[in-house]
Amino acid sequence: MAGSKEEKKMTIEDLPGVGEATAEKLRENGLDDIMTIAVASPKDLSELAGIAEGTAIKIIAAARKSADIGNFETGEQILERRKDVLKLSTGSKNLDNLLGGGFETQSITEFFGEFGSGKTQIMHQAAVNATMPVEQGGFDSDVLIIDTENTFRPERIIQMSKARGADPDTVLKRIHVARAYNSHHQILLAERAIELGKEFPIKLLIVDSLTSHFRSEYMGRGSLSERQQLLNRHMHDLLKFATIYNAVIGVTNQVSARPDVFFGDPTAPIGGNIVGHTATFRIYLRKSKGGKRIARLIDSPYLPEGETVIQISEDGVSDGV
Ligand code: GTP
Ligand code: MG
């Protein structure tokens, strides 16, 4: 089963054709394990490592042979694993219904939208909700937040806790926040989260924002493939956490609208296909009147697309009626 098995401890130097210099180049570009190389394209590998495409093809073939790509599971086995799936309320019944009951464990849920659309507020509310007792729709769990924009506000947690009749101090004690200073740091924190999961009962891991560092550090066409590789690896670390700990992963993402860019779809989420294919649920948030937000579910594997309205107020996320 994905994630529950220790990966084979083979290093990239063990691959035929990978000498010290190539290994170093690969590592610098985030291609530091067999699996990442196994799923890389020959063109990307040759560009990033400065090797001929023919050599890249051979390296990838060898990586594929030795990578623990994972076994096939029967539908029955997958159904069995899915029986463990839990749902965490978002605070809004409307939004819960749109998501088929709330945030789902063993998956990544992505909220994207422009500034002020409520992504960070929704993550704060999820954090409070996860700490609540099971009878009240919570997970009785600790929460990890990887904060890349320094937007975590304990004051908001206190307000939202009070609104739910929870003791704010108890809630705050269960929320562990790490500031990520750059994309590399962010990746390390997600890896470290797997360790922390052994110490604390963590059923919710938040990355707010998933893409901001990647976006600002990897500008321009030339660095796009590198950015996508790193994002891909990061998303898979998050998914691994979700599977190992039967946890919810909540991530936020901006849209590509920029006043200095006049091409492209201004409402498209950052990170393109990599983020889109790895996030199980994507919700597009739009501002509406009087603290209301319109949430639209996009690309779900088994739920219909649809829209609903939520309210963001001092008390947090609700239906607003
Ligand atoms: P970026 O991170 O900038 O992309 O935006 P975001 O989508 O994370 O927005 P965020 O969740 O920070 O939403 C900010 C908005 O939430 C504010 O503009 C307010 O409309 C609302 N909000 C935040 N705190 C409060 C509050 O205490 N009371 C009320 N009524 N609204 C609040
Ligand atoms: Mg935010």
Side-chain angles (χ1 to χ4, degrees), residues 88-92 94-95 98-99 103 108-130 143-164 166 168 171-172 175 177-183 186 189 204-217 231 238 249-261 265-271 275 279 281-298 307-321:
L88 176 68
S89 174
T90 60
S92 153
N94 289 341
L95 185 52
L98 190 71
L99 289 172
F103 287 99
I108 298 177
T109 302
E110 172 200 356
F111 281 87
F112 73 96
E114 64 171 351
F115 67 92
S117 57
K119 305 178 293 288
T120 296
Q121 299 303 311
I122 289 172
M123 294 301 138
H124 276 66
Q125 185 71 63
V128 171
N129 293 354
V143 178
L144 280 193
I145 301 182
I146 299 178
D147 182 6
T148 73
E149 301 184 307
N150 201 16
T151 51
F152 175 76
R153 292 290 174 273
E155 297 82 0
R156 286 297 283 144
I157 298 293
I158 293 172
Q159 288 172 330
M160 290 177 185
S161 303
K162 284 184 179 159
R164 290 214 52 179
V171 174
L172 282 171
I175 302 178
V177 185
R179 185 77 212 284
Y181 294 99
N182 54 47
S183 62
Q186 182 179 336
L189 286 169
L204 172 63
L205 168 58
I206 289 168
V207 186
D208 183 11
S209 133
L210 176 73
T211 46
S212 59
H213 283 317
F214 290 93
R215 180 191 202 181
S216 60
E217 291 165 29
L231 253 177
L238 297 173
I249 311 289
V251 303
T252 69
N253 193 359
Q254 279 84 2
V255 290
S256 56
R258 270 176 38 185
D260 53 335
V261 174
D265 177 359
T267 64
I270 308 292
V275 175
F281 301 97
R282 312 194 92 175
I283 298 103
Y284 176 41
L285 284 176
R286 292 195 320 273
K287 288 185 236 180
S288 183
K289 288 183 208 118
K292 294 217 184 305
R293 301 290 189 277
I294 299 157
R296 175 168 191 83
L297 180 72
I298 290 165
E307 268 189 6
T308 193
V309 179
I310 62 171
Q311 174 89 42
I312 294 177
S313 69
E314 187 172 320
D315 287 348
V317 178
S318 66
D319 285 343
V321 268

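When a residue number appears, it is its place in the shown sequence, counting from 1. Atoms within each ligand, like the ligands themselves, are counted from 1 in listed order.
A side-chain donor from one of Ser183 and Glu217 sits under 3.5 Å from a side-chain acceptor of the other. Of the N and O atoms on the side chains of Gln254 and Ser212, not one donor lies less than 3.5 Å from an acceptor on the other residue.
Ligand 1 is approached by Glu149 to a heavy-atom distance shorter than 4.0 Å.
Shortest contact from atom 8 (O) of ligand 1 to any protein heavy atom: Thr120 OG1, 2.8 Å. For atom 15 (C) of ligand 1, the nearest non-hydrogen atom of the protein is Arg293 NH2, 3.7 Å. At the shortest separation from atom 16 (O) of ligand 1 among protein heavy atoms lies Gln121 CG, 3.5 Å.
At least one donor-acceptor pair under 3.5 Å links the side chain of Asn94 to the backbone N or O of Val309. When atom types are taken as modelled, the side chain of Gln311 and the backbone of Gly290 share a donor-acceptor pair closer than 3.5 angstrom.
For the residues Gly118, Gly113, Gly116, the heavy atom positioned nearest atom 5 (O) of ligand 1 is part of Gly116. Residue nearest to atom 26 (C) of ligand 1, selected from Lys119, Arg153, Arg156: Arg156 (by heavy-atom distance).
Between the Mg ion (ligand 2) and Thr120 there is an N/O/S contact shorter than 2.8 Å.
Only one option out of Gln121, Glu314, His124 pairs with Arg156 in a side-chain hydrogen bond (donor to acceptor under 3.5 Å, both in side chains); it is Gln121.
A salt bridge links Glu307 with Arg286: the distance from a Lys NZ or Arg NE/NH1/NH2 to an Asp or Glu carboxylate oxygen falls below 4.0 Å.
To the nearest 0.5 Å, atom CZ of residue Phe281 and atom CD1 of residue Ile249 are 13.0 Å apart.
Within the 4.0 Å heavy-atom criterion, neither part of Lys292 lies near ligand 1. Of all the heavy atoms of Glu114, the ones lying under 4.0 Å from any atom of ligand 1 belong exclusively to the backbone.
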